[in-house]
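Below: one structure, written as C-alpha cells.
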Amino acid sequence: MPEKIPVCPECGNPLPEGMTGLCPTCREWKKSAPPPPQKNVHAAVVLSFFFPGFGQVYNGQYKKGILVLVATIFGLYFFLVPGLVILCAGVYDAYRTALRQNDGSMPFCEMHVYHIVLYVIIFILVCFAAMSVSSIFMIP
C-alpha cells in the first residue's frame with residue numbers, strides 16, 4: 001500500500017515531506033503551521049508590578065504603559081493611596097491584555113526595542129521630575 005502524500009488543502013498540490021508553513025504553490029498556510037506567538041502572562045504581571053507600566057509595554061501598548069508609569073510615580077510620590085490604586089489597576093490591565101492577546105480576542109502586538117528605550121528614558125525623567133517638584137514644595 002503506497003504511502004499517502006500530504007497535499008495542500010487549498011490548491012491540492014503535493015507538499016514536500018516534513019513541510020510546515022506556506023504551501024510553495026499557492027502560498028497558503030498549511031493547517032499544521034506553527035501556532036501564533038503567545039504572551040507570557042506571568043511576565044506581564046511581574047514587569048508591571050516592579051516597573052509600573054512596563055507590563056503594558058511588554059504587551060505592545062507603549063502609550064498606555066507610559067501613562068500608567070507617570071500616573072503611578074506621581075501618585076505614589078505625592079499621594080500614596082491613589083498611586084497604589086493606579087499600580088494595581090496597571091498590573092490587572094497587563095494581565096488581562098496578555099490573556100486577551102493569547103486567546104485571540106485582541107490582536108497580538110509585538111514589543112519593540114525602541115519602546116523599551118523610550119520607557120527607560122521616560123522612567124528616569126519622571127523620577128527626577130517627581131523629586132524636583134517635591135523639593136520645590138517642601139516646607140523648611
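Position 1 is the first residue of the sequence, and the numbers go up from there. Because the structure is a prediction, the values reported are computed rather than measured.
Contact detail for Val68 and Ile86: the closest heavy-atom pair is O-CG2, 4.2 Å. Nearest heavy atom pair, residue Gly83 against residue Thr72, reads O-CG2, 3.9 Å. When every heavy atom of Ala44 is checked against every heavy atom of Ala98, the shortest pair comes out as CB-CB, 4.2 Å. Shown here for Cys109 and Gly60, the closest heavy-atom pair between the two residues is CB-CA, 3.8 Å. Here the closest heavy-atom approach between residue Gln101 and residue Asn59 is recorded as NE2-O, 2.9 Å.
Among residue pairs with one or both ends in residues 46-75, those qualifying as salt bridge (Lys or Arg N to Asp or Glu O under 4.0 Å) are Lys64-Asp93; sequence neighbours excluded. Identified under the salt bridge (Lys or Arg N to Asp or Glu O under 4.0 Å) test for residues 39-57, with sequence neighbours left out: none. Applying the salt bridge (Lys or Arg N to Asp or Glu O under 4.0 Å) test to every pair with at least one member in residues 68-90, sequence neighbours left out, gives no pairs at all. For the side-chain hydrogen bond (donor to acceptor under 3.5 Å, both in side chains) condition, the pairs that include at least one residue of residues 104-121, sequence neighbours left out, are Asp103-Ser105. The salt bridge (Lys or Arg N to Asp or Glu O under 4.0 Å) pairs that include a residue from residues 41-53 number zero, where partners must be two or more places apart or lie in different chains.
Evaluation of the side chain to side chain contact (heavy atoms under 4.5 Å, CB included) rule for Leu125 yields Ile121 as partners, not counting sequence neighbours. With sequence neighbours excluded, the residues that form a side chain to side chain contact (heavy atoms under 4.5 Å, CB included) with Ala43 are Asn40, Tyr58. Under the rule for a side chain to side chain contact (heavy atoms under 4.5 Å, CB included), Leu67 has no partner lying at least two apart in sequence or in another chain. Checked against side chain to side chain contact (heavy atoms under 4.5 Å, CB included), Ala130 has the following partners two or more places apart in sequence or in another chain: Ile73, Phe74, Tyr77.
Here Met111 contributes atom CE and Ile116 contributes atom CD1; the two are 4.0 Å apart, rounded to the nearest 0.5 Å. With values rounded to the nearest 0.5 angstrom, Phe123 atom CZ is found 12.5 Å from Ile66 atom CD1. We find the CD-CG distance between Gln38 and Leu99 to be 10.0 Å, quoted to the nearest 0.5 Å. Rounded to the nearest 0.5 Å, atoms CZ (Phe54) and CG (Leu69) are 11.0 Å apart.
When hydrophobic clusters are built by joining Ile, Leu, Val, Met, Phe, Trp and Tyr residues whose side-chain heavy atoms come closer than 4.5 Å, directly or via intermediates, Met106 is not grouped with Tyr62. Using a 4.5 Å cut-off between side-chain heavy atoms of Ile, Leu, Val, Met, Phe, Trp and Tyr, with links allowed through other members, Val113 and Phe51 fall into different hydrophobic clusters. Ile124 and Val70 fall within the same hydrophobic cluster, defined by Ile, Leu, Val, Met, Phe, Trp and Tyr side-chain heavy atoms under 4.5 Å apart, directly or through other members. In this structure, Met131 is a member of the same hydrophobic cluster as Val120, with clusters built from ILVMFWY side-chain heavy atoms closer than 4.5 Å. Note on Tyr92 and Leu47: same hydrophobic cluster, where clusters join Ile, Leu, Val, Met, Phe, Trp and Tyr whose side-chain heavy atoms are under 4.5 Å apart, directly or indirectly.
The environment of CZ in Phe79 is sparse: at most 12 heavy-atom neighbours from other residues, nucleotides or ligands sit within 6.0 Å.
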